[in-house]
Amino acid sequence: MEDKKLHVFNWAPVGLLMFESSNPASEVPSDWICQVANDSACNLLGRIPLNGLTLAGLFPEPVASSLANAVTTNPVNDAVDFFVSSAGKWLLSSGTRTEGSLTVALTDITRQKEASFADHRMKRLYQSLTASLSDHEIIIFDKNFNIVLNEGQPRFVRLHAEGELNGRNLPSLFEKNEFSFLGDYVAKIFGGAGDEVEQEVNGKFYKARVYADAHDDEGQENVVGVLLLKDVTELNQKQREIELRMQQLDRSNKELESFAYVASHDLQEPLRKIKSFGERLMMKYKSLLGDEGQMYITRMSEAVKRMERLLDDLLLFSRTTRREEHFEPTDLHQTMMDVLHDLDTERVQAQITVPDNLPVIDASPSQMQQLFQNILNNALKFAKADQSPIIQITCQHVTGASLPQYALMPDRPYCVIEFKDDGIGFDQENAERVFVIFQRLHGRSEYTGSGIGLAICKKIVDNYGGIITAKSEMGTGSIFTVILPFKQ
């Protein structure tokens, strides 16, 4: 009989330990010494042997104290759970006191504990989702499409379903209402076909998205899916309004471009006639005009030349107001060298430093050449009269995230090209004005030009989704910074 009892003790599915104390009434954990423990207890605690160890040596302090105070009436009330780090298990302990002895039972509750934690985490996640996506209806369901979690009260979309949704079958909510299009869509989610769909329902537009992993960590079908449903009627209306305004703006821009082109082109003909008749007057009637008449015709001819230059620049500006659709790999270093060759820097005795790391980007070579040429021409034009101009060009390769002060795409690569000169400079308060068409900071008698070169630079850079800025101080020179994306 004793052998049978011992066999049951040793092979019990729960851990069993028997403790004795020289003082049967003691409630001090260190007074209770383990006399015998079955194999399950050794495995659960991850220690062998257990004989001779005290409650204080085997269990955490709160657990040991609870077991030392165990009563005989209702051991369940004395149950305490704890984690055994060496074994990686959660155990539930309960003690039963008899005369001079204490029996401790240990149960592995790891799965229940993890399930409880998972459920708690899911609820926390759901609360976070509902807070961050406050304009969505959020439904979490299991692999059998039974609703596990849902907002208690309807907020925006309720699928015309009455009462509590938790526990109900999700596809059944779509059978007899306007949201029937969601049935087949949701049914495919566990097959990995999840995506998003938008549908009009009674004059309103709804967007639905479904998410689920194909498998869980154990390789079985995932038990959780998420349905997000949002009323996007107002958003779609605003989007349509934006598209309409963009179309109107595009038409307006095209009309302005056409007007600028036609106006400047048509004005060339009367200018040519004025120029031609002025030359004939000088040739045939020079002696009759006298000094004053000749002066008038000379000034008229100079005005005609300025008007011709202005119209040519206006035509050039009108051609750069629209973004080119054709791009090709453009070597900015080679483009820069071509521009320097055309500028004839030896004539102006300029020292221009060009970096070796100017990259290859998607662009129009002619527009990049025009961009560099205008910036360098500007630096040479406003050089100090008593010294040879020095222009330092530098280049950095960065991502948009490293330039938070600008509205750039954070993950896209950009090149930052700086043109630093030692010219006459200008007041920083005019830093934006220099890029406005026909704006001049100096009189025509001081510096030639129509005031359109930097405006063309800005238009080119804007068309490429880039940035151009100017930083300057009177008498110390200027820094023009151009930021261009590598890819279009």
Side-chain angles (χ1 to χ4, degrees), residues 309 312-313 315-383 388-400 402-403 406 408-409 412-423 434-435 437 449-471 477-488:
R309 287 196 300 268
D312 288 339
D313 288 342
L315 277 171
L316 186 60
F317 183 79
S318 69
R319 294 189 185 105
T320 60
T321 53
R322 291 188 61 82
R323 171 187 171 96
E324 290 194 6
E325 296 299 329
H326 174 70
F327 303 103
E328 59 183 82
T330 302
D331 188 337
L332 296 186
H333 186 273
Q334 184 60 50
T335 302
M336 186 71 74
M337 301 308 295
D338 293 341
V339 169
L340 293 181
H341 182 269
D342 294 339
L343 286 176
D344 190 12
T345 54
E346 292 183 0
R347 180 176 59 82
V348 295
Q349 297 181 339
Q351 300 178 34
I352 302 179
T353 304
V354 179
D356 294 329
N357 65 335
L358 286 170
V360 176
I361 69 171
D362 289 344
S364 164
S366 62
Q367 288 196 347
M368 291 299 102
Q369 185 168 359
Q370 187 178 22
L371 171 67
F372 294 161
Q373 183 172 323
N374 286 357
I375 294 177
L376 290 173
N377 271 333
N378 186 79
L380 295 174
K381 180 192 298 185
F382 296 104
S388 298
I390 298 176
I391 304 173
Q392 295 180 325
I393 305 173
T394 60
C395 180
Q396 299 180 60
H397 301 178
V398 301
T399 61
S402 63
L403 300 170
Y406 303 117
L408 301 173
M409 301 297 291
R412 293 183 63 183
Y414 293 83
C415 62
V416 181
I417 307 172
E418 285 191 353
F419 299 79
K420 182 179 181 181
D421 65 61
D422 61 346
V434 296
F435 297 111
I437 188 171
S450 60
I452 203 172
L454 291 179
I456 292 176
C457 291
K458 178 169 175 54
K459 184 58 65 175
I460 291 174
V461 174
D462 287 348
N463 288 343
Y464 283 84
I467 301 291
I468 183 170
T469 63
K471 183 179 180 181
S478 306
I479 300 176
F480 284 84
T481 303
V482 175
I483 304 174
L484 294 169
F486 276 70
K487 298 293 182 181
Q488 291 296 314

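Summarising the geometry of Gln373 relative to Val339, their closest heavy-atom pair is CA-CG1, 3.6 Å, with the distance given to 0.1 Å. Annotation for Ser402 and Thr399: closest pair OG-O, 2.6 Å, computed over non-hydrogen atoms. Nearest heavy atom pair, residue Pro389 against residue Ala383, reads CB-CB, 3.7 Å. Residues Phe435 and Thr469 share a closest heavy-atom pair of CZ-C, 4.0 Å. Pairing each heavy atom of Lys458 with each of Ile468, the nearest pair is CA-CG2, 3.8 Å. Here the closest non-hydrogen pair linking Phe372 and Thr335 is CD1-CG2, 4.0 Å.
Between Gln396 and Tyr414, the side chains place no donor N or O within less than 3.5 Å of an acceptor N or O (distance only, hydrogens not considered). When only modelled atom types and interatomic distance are considered, Asn374 and Gln370 share no side-chain donor-acceptor pair under 3.5 Å.
Using a distance-only test at 3.5 Å, with no hydrogens or angles considered, no donor-acceptor pair links the side chain of His397 to the main chain of Val416. Side chain of Ser388 to main chain of Ala350: no donor-acceptor pair is present (N/O by atom type, distance under 3.5 Å, no hydrogens or angles).
Atoms CG and CD1, from Leu454 and Ile375 in turn, are 7.5 Å apart once rounded to the nearest 0.5 Å. Expressed to the nearest 0.5 Å, how far CG of Leu358 lies from CD1 of Ile417 amounts to 5.5 Å. Here OH of Tyr464 is found 8.5 Å from CG of Leu484. Values are rounded to the nearest 0.5 Å. Annotation: the span from Asp421 atom CG to Ile390 atom CD1 amounts to 10.5 Å, rounded to 0.5 Å. Remark: Glu418 CD to Thr481 OG1 distance equals 4.0 Å, nearest 0.5 Å.
Side chains of Lys471 and Ser478 form no contact here, defined as non-hydrogen atoms less than 4.5 Å apart. You'll find the side chain of Lys487 stays beyond 4.5 Å of the side chain of Phe327, heavy atoms only. Residues Phe480 and Cys457 fail the side-chain proximity criterion, which asks for heavy atoms closer than 4.5 Å. No side-chain heavy atom of Lys420 sits less than 4.5 Å from a side-chain heavy atom of Ile391. A 4.5 Å side-chain heavy-atom check between Phe419 and Val482 finds at least one atom pair inside the cut-off. Using a 4.5 Å heavy-atom cutoff, the side chains of Met336 and Leu332 are not in contact. Within the 4.5 Å cutoff, no side-chain heavy atoms of Asp331 are placed close to those of Ile361. For the pair Asp356/His333, a side-chain contact is recorded, criterion being any heavy-atom separation below 4.5 Å from C-beta on.
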Working for side chain to side chain contact (heavy atoms under 4.5 Å, CB included), residues Gln392 and Asp422: CA-CA 9 Å; Gln392 295 180 325; Asp422 61 346; over 6 Å; no
Given side chain to side chain contact (heavy atoms under 4.5 Å, CB included), test Glu328 with Asp362 step by step and report yes or no. CA-CA 5 Å; Glu328 59 183 82; Asp362 289 344; over 6 Å; no
Report the C-alpha separation of Val434 and Asn378 in whole Å, then their side-chain angles, then the decisive distance to 0.1 Å, and conclude whether the side chain to side chain contact (heavy atoms under 4.5 Å, CB included) test is met. CA-CA 11 Å; Val434 296; Asn378 186 79; over 6 Å; no
Val398 vs Ile483, test: side chain to side chain contact (heavy atoms under 4.5 Å, CB included). Steps then yes/no. CA-CA 10 Å; Val398 301; Ile483 304 174; 5.8 Å; no
